[in-house]
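Remarks on the structure that follows.
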Amino acid sequence: MAKSTYSDAAEASRMYETENDLPEKRRAKLNVLMNQRLASAVDLQTQMKQAHWNVKGPSFIGLHELFDQVDEAVESYVDMIAERIVQLGGIAEGTARVAAARSQLPEYPLNIADGLEHVKAVSNALGCFAKQAREAISEATDLEDADTADLFTEVSRGMDKWLWFVEAHNQAPK
């Protein structure tokens, strides 16, 4: 999984004028960083739906409902990230095609049905996205944007909570 390239602001799309006091050059770098994380967040949301729709087995109803709850939480993170991009004068680039091209998450396996296989795949996706969120905290801090760092701190805490809920299905004492 590659670290973001927020330093390459040339990737940034058009920036709108704003009275936000962060310098435009810094906002452009933040735009690149956040659009990379937005792509992974959109991908994560679709992965949660994939698990929700296709889980089978004795724990079906519990996992089906849990994966739907995770999806709803991720949807709120998608919205938070996208809105922060726009607040800073950027353009939130969150279409499915953009997400597919830019996501840094591993591909979700399409051929699984067993509940514990989905638990493993969902755990992997949540853990990868949580790592990206923590990297974004550091990168936003380097760019002197405490608000964006705080946003990703909230996302990171949420990811860790959902990871705990999902992993608990596979952590029974032996």
Side-chain angles (χ1 to χ4, degrees), residues 1-6 11 13 30-57 59-88 90-137 139-140 147-170:
M1 181 170 26
K3 190 171 179 178
S4 77
T5 56
Y6 71 81
E11 289 182 39
S13 61
L30 287 158
N31 183 45
V32 172
L33 165 66
M34 289 187 289
N35 267 306
Q36 288 174 337
R37 296 303 177 259
L38 179 60
S40 291
V42 169
D43 185 17
L44 180 63
Q45 186 180 6
T46 64
Q47 290 189 24
M48 295 307 98
K49 278 310 211 187
Q50 180 70 21
H52 167 78
W53 294 325
N54 291 290
V55 67
K56 300 201 182 320
S59 299
F60 164 76
I61 195 64
L63 291 173
H64 179 77
E65 291 176 357
L66 176 59
F67 297 154
D68 203 35
Q69 291 173 351
V70 176
D71 165 70
E72 289 172 8
V74 174
E75 181 180 15
S76 73
Y77 303 142
V78 166
D79 203 44
M80 287 170 41
I81 295 166
E83 288 178 353
R84 182 66 182 155
I85 292 166
V86 177
Q87 289 165 12
L88 296 180
I91 296 171
E93 300 168 349
T95 67
R97 289 178 183 179
V98 168
R102 293 183 185 165
S103 177
Q104 296 175 335
L105 296 181
E107 187 64 42
Y108 196 87
L110 299 178
N111 60 347
I112 60 175
D114 178 72
L116 292 180
E117 289 181 48
H118 278 290
V119 165
K120 183 179 178 184
V122 166
S123 296
N124 183 48
L126 293 173
C128 289
F129 189 71
K131 181 179 186 221
Q132 290 179 20
R134 283 187 276 282
E135 289 170 352
I137 295 166
E139 293 171 41
D147 295 333
T148 298
D150 184 59
L151 180 150
F152 282 106
T153 299
E154 182 178 344
V155 170
S156 171
R157 272 195 303 267
M159 288 294 93
D160 286 349
K161 179 184 91 170
W162 290 114
L163 181 58
W164 167 47
F165 283 11
V166 172
E167 284 183 332
H169 288 271
N170 205 23

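Worth saying up front: this structure is predicted, and the values here are computed from it rather than measured.
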Item to complete: Tell me, please, which residues at least two apart from His64 pass ring pair (Phe, Tyr, Trp, His ring centres under 6.0 Å).
Response: His52, Phe60

Worksheet item: Taking all atoms of both residues into account, what is the closest heavy-atom pair of Ala149 and Ala140, and its distance?
Response: N-CB, 3.6 Å

Discussion item. Looking at every heavy atom in both Met159 and Val74, which two are closest together, and how far apart are they?
Written reply: CE-CG2, 3.9 Å

Practice prompt. Not counting sequence neighbours, which residues clear side chain to side chain contact (heavy atoms under 4.5 Å, CB included) with Ser123? List them please.
Written response: Val119, Leu163, Val166, Glu167

Worksheet item: Should we say atom CD of Glu72 is surrounded by more than 12 heavy atoms from elsewhere, each under 6.0 Å from it?
Response: yes

Worksheet item: Does the side chain of Val55 reach to within under 4.5 Å of the side chain of Ile112, using non-hydrogen atoms?
Response: no

Worksheet entry | Min side-chain heavy-atom separation Gln69-Trp162 under 4.5 Å | yes

Worksheet item: How would you list all residue pairs meeting ring-ring contact (aromatic ring centres under 6.0 Å, His included) that involve residues 93-120, not counting sequence neighbours?
Response: Tyr108-His118

Worksheet entry | Closest non-hydrogen atom pair, Val122 against Ala51 | CG2-CB, 3.6 Å

Item to complete: Measure from the side-chain N and O atoms of Ser156 to the backbone N and O of Ala133, and report whether any donor-acceptor pair falls under 3.5 Å.
Response: no

Fill in: pair Gln132-Phe152: side-chain heavy atoms closer than 4.5 Å
no

Fill in: Asp150: partners by side-chain hydrogen bond (donor to acceptor under 3.5 Å, both in side chains), with sequence neighbours left out
none

Worksheet entry | Results of side chain to side chain contact (heavy atoms under 4.5 Å, CB included) for Thr95 - residues two or more places apart only | Arg97, Val98

Worksheet item: Mind checking whether Met34 and Leu151 have side chains closer than 4.5 Å, heavy atoms only?
Response: no

Worksheet entry | Lys56: side chain to side chain contact (heavy atoms under 4.5 Å, CB included) partners, not counting sequence neighbours | Ala113

Show which side-chain atoms of residues 78-85 pair as donor or acceptor with protein atoms under 3.5 Å away, not counting sequence neighbours.
{"residue": "Arg84", "atom": "NE", "partner": "Thr148", "partner atom": "OG1", "Å": "2.9"}
{"residue": "Arg84", "atom": "NH1", "partner": "Gln87", "partner atom": "OE1", "Å": "3.3"}
{"residue": "Arg84", "atom": "NH2", "partner": "Asp145", "partner atom": "OD1", "Å": "3.0"}
{"residue": "Arg84", "atom": "NH2", "partner": "Asp145", "partner atom": "OD2", "Å": "3.2"}

Fill in: Sequence-distant partners of Val86, side chain to side chain contact (heavy atoms under 4.5 Å, CB included), two or more places apart
Ala92

Fill in: Side chain proximity check, Arg37 to Glu139, heavy atoms < 4.5 angstrom
yes

Worksheet, complete the sentence: Rounded to the nearest 0.5 Å, the CG atom of Asn54 sits from the CZ atom of Phe67 at a distance of 10.5 Å

Worksheet item: Do the non-hydrogen side-chain atoms of Asn124 and Lys120 ever get within less than 4.5 Å of each other?
Response: no

Worksheet item: Quick one: does Ser103's side chain have a donor or acceptor within less than 3.5 Å of a partner on Ala100's backbone?
Response: no

Discussion item. Taking side-chain hydrogen bond (donor to acceptor under 3.5 Å, both in side chains) as the definition, give me every residue that meets it alongside Asp160, ordered by chain and number, with sequence neighbours left out.
Written reply: Arg134

Worksheet item: Atom CG in Leu44, atom CD in Gln104: separation rounded to 0.5 Å?
Response: 13.0 Å

Item to complete: Name all pairs fulfilling the salt bridge (charged side-chain N to carboxylate O under 4.0 Å, His left out) condition that reach into residues 45-54, sequence neighbours left out, sorted by first residue then second.
Response: Lys49-Asp68, Lys49-Asp71

Item to complete: Measure the spacing between OG1 of Thr153 and CG of Asp147 and express it to the nearest 0.5 Å.
Response: 11.0 Å

Worksheet, complete the sentence: For Leu105 and Ala125, the nearest pair of non-hydrogen atoms, with its separation, is CD2-O, 4.0 Å

Fill in: Closest non-hydrogen atom pair between Asp43 and Thr46, with its separation
O-OG1, 2.8 Å

